[in-house]
> 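There's a structure below that I have some questions on.
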Amino acid sequence: MKARLPQGVGGGPGNMNAMIKQAQKMQQDMQALQAELDEREYTATSGGGMVEARVNGKHEVLGLKIDPQVIDPDDAEMLEDMVAAAVNAALAEAAQNAEQEMGAITGGMNIPGMF
């Protein structure tokens, strides 16, 4: 005995074509969003605003601002830590933003190689 699926449900050619079109649209949307995300800039600070890092969505450092008051030749390690913290915070913000916006397009599907 064969089971019958309700009309419009199943793997017919029309349904497959619709799925392919939907996947192509999702891919186009993701590519457009990725290009937009690559151009966005993110800024983060550390040391109470004494160090500021600016990055883009490609995870490239665009600039650093260091308040001259924080430059102490006898304590370079503190400045190094503040720079690293500001850069890491800006990069984390860029990554989180990309994940959220891509998730809106993919409906939360985990697509390998996208993030």
Side-chain angles (χ1 to χ4, degrees):
M1 175 183 220
K2 287 186 175 181
R4 293 185 183 214
L5 297 172
Q7 189 172 0
V9 176
N15 191 29
M16 182 61 80
N17 287 338
M19 285 176 46
I20 290 171
K21 286 181 182 179
Q22 184 178 12
Q24 289 171 338
K25 168 93 169 82
M26 183 187 301
Q27 182 180 19
Q28 290 170 350
D29 291 348
M30 289 171 60
Q31 288 172 341
L33 179 58
Q34 187 61 57
E36 180 184 326
L37 290 170
D38 286 349
E39 297 302 315
R40 287 191 190 166
E41 292 186 13
Y42 303 87
T43 303
T45 62
S46 67
M50 301 292 260
V51 174
E52 177 182 286
R54 204 171 85 249
V55 302
N56 64 16
K58 294 178 192 177
H59 298 137
E60 299 169 332
V61 176
L62 300 175
L64 289 171
K65 289 184 182 176
I66 300 172
D67 188 318
Q69 295 177 350
V70 78
I71 299 173
D72 180 356
D74 295 328
D75 195 3
E77 189 176 329
M78 180 184 68
L79 179 56
E80 292 167 354
D81 291 345
M82 285 193 287
V83 169
V87 169
N88 287 333
L91 291 173
E93 183 181 344
Q96 181 181 6
N97 184 264
E99 186 175 333
Q100 287 174 344
E101 294 202 27
M102 283 293 185
I105 290 177
T106 64
M109 292 187 310
N110 186 9
I111 299 174
M114 287 308 300
F115 306 113

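As the structure is a computational prediction, the values presented were derived from the model and not from experiment.
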> Does anything in residues 63-86 pair up under side-chain hydrogen bond (donor to acceptor under 3.5 Å, both in side chains), and if so which pairs, sequence neighbours excluded?
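Qualifying pairs: none.
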> Side chains of residues 50-61: which donor-acceptor partners sit under 3.5 Å, not counting sequence neighbours?
{"residue": "Arg54", "atom": "NE", "partner": "Glu41", "partner atom": "OE1", "Å": "2.9"}
{"residue": "Asn56", "atom": "OD1", "partner": "Lys58", "partner atom": "N", "Å": "2.9"}
{"residue": "Asn56", "atom": "OD1", "partner": "His59", "partner atom": "N", "Å": "3.3"}
{"residue": "Asn56", "atom": "OD1", "partner": "Glu60", "partner atom": "N", "Å": "3.1"}
{"residue": "Asn56", "atom": "ND2", "partner": "Glu60", "partner atom": "OE1", "Å": "2.9"}

> Hey, any chance Ile105 and Met19 share a hydrophobic cluster, counting ILVMFWY side chains that come within less than 4.5 Å of each other, even indirectly?
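Hydrophobic grouping puts Ile105 apart from Met19.
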> Only counting residues at least two apart or in another chain, list the ones meeting side-chain contact (heavy atoms from CB on, under 4.5 Å) with Ala44.
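Partners of Ala44 by the side-chain contact (heavy atoms from CB on, under 4.5 Å) criterion, ordered by chain and then number, come out as Ala89, Ala90.
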> Kindly write out the residues that satisfy side-chain hydrogen bond (donor to acceptor under 3.5 Å, both in side chains) with Glu36, not counting sequence neighbours, or none if the list is empty.
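side-chain hydrogen bond (donor to acceptor under 3.5 Å, both in side chains) check on Glu36 returns Arg40.
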> To the nearest 0.5 Å, tell me how far Met102 CE sits from Asn97 CG.
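So the CE of Met102 and the CG of Asn97 are separated by 10.5 Å.
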> Going by side-chain hydrogen bond (donor to acceptor under 3.5 Å, both in side chains), name the pairs with one or both residues in residues 19-33, residues two or more places apart or in two chains.
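Only Lys25-Asp29 qualify under side-chain hydrogen bond (donor to acceptor under 3.5 Å, both in side chains).
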> Val83 pairs by side chain to side chain contact (heavy atoms under 4.5 Å, CB included) with which of Val70, Leu64, Asn88?
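The option that passes is Leu64.
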> Taking side-chain hydrogen bond (donor to acceptor under 3.5 Å, both in side chains) as the test, write out the residues that go with Asp38, two or more places apart.
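Asp38 satisfies side-chain hydrogen bond (donor to acceptor under 3.5 Å, both in side chains) with Gln34 only.
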> More than 12 heavy atoms of other residues, nucleotides or ligands under 6.0 Å from CE of Met78: yes or no?
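Count over threshold, so yes.
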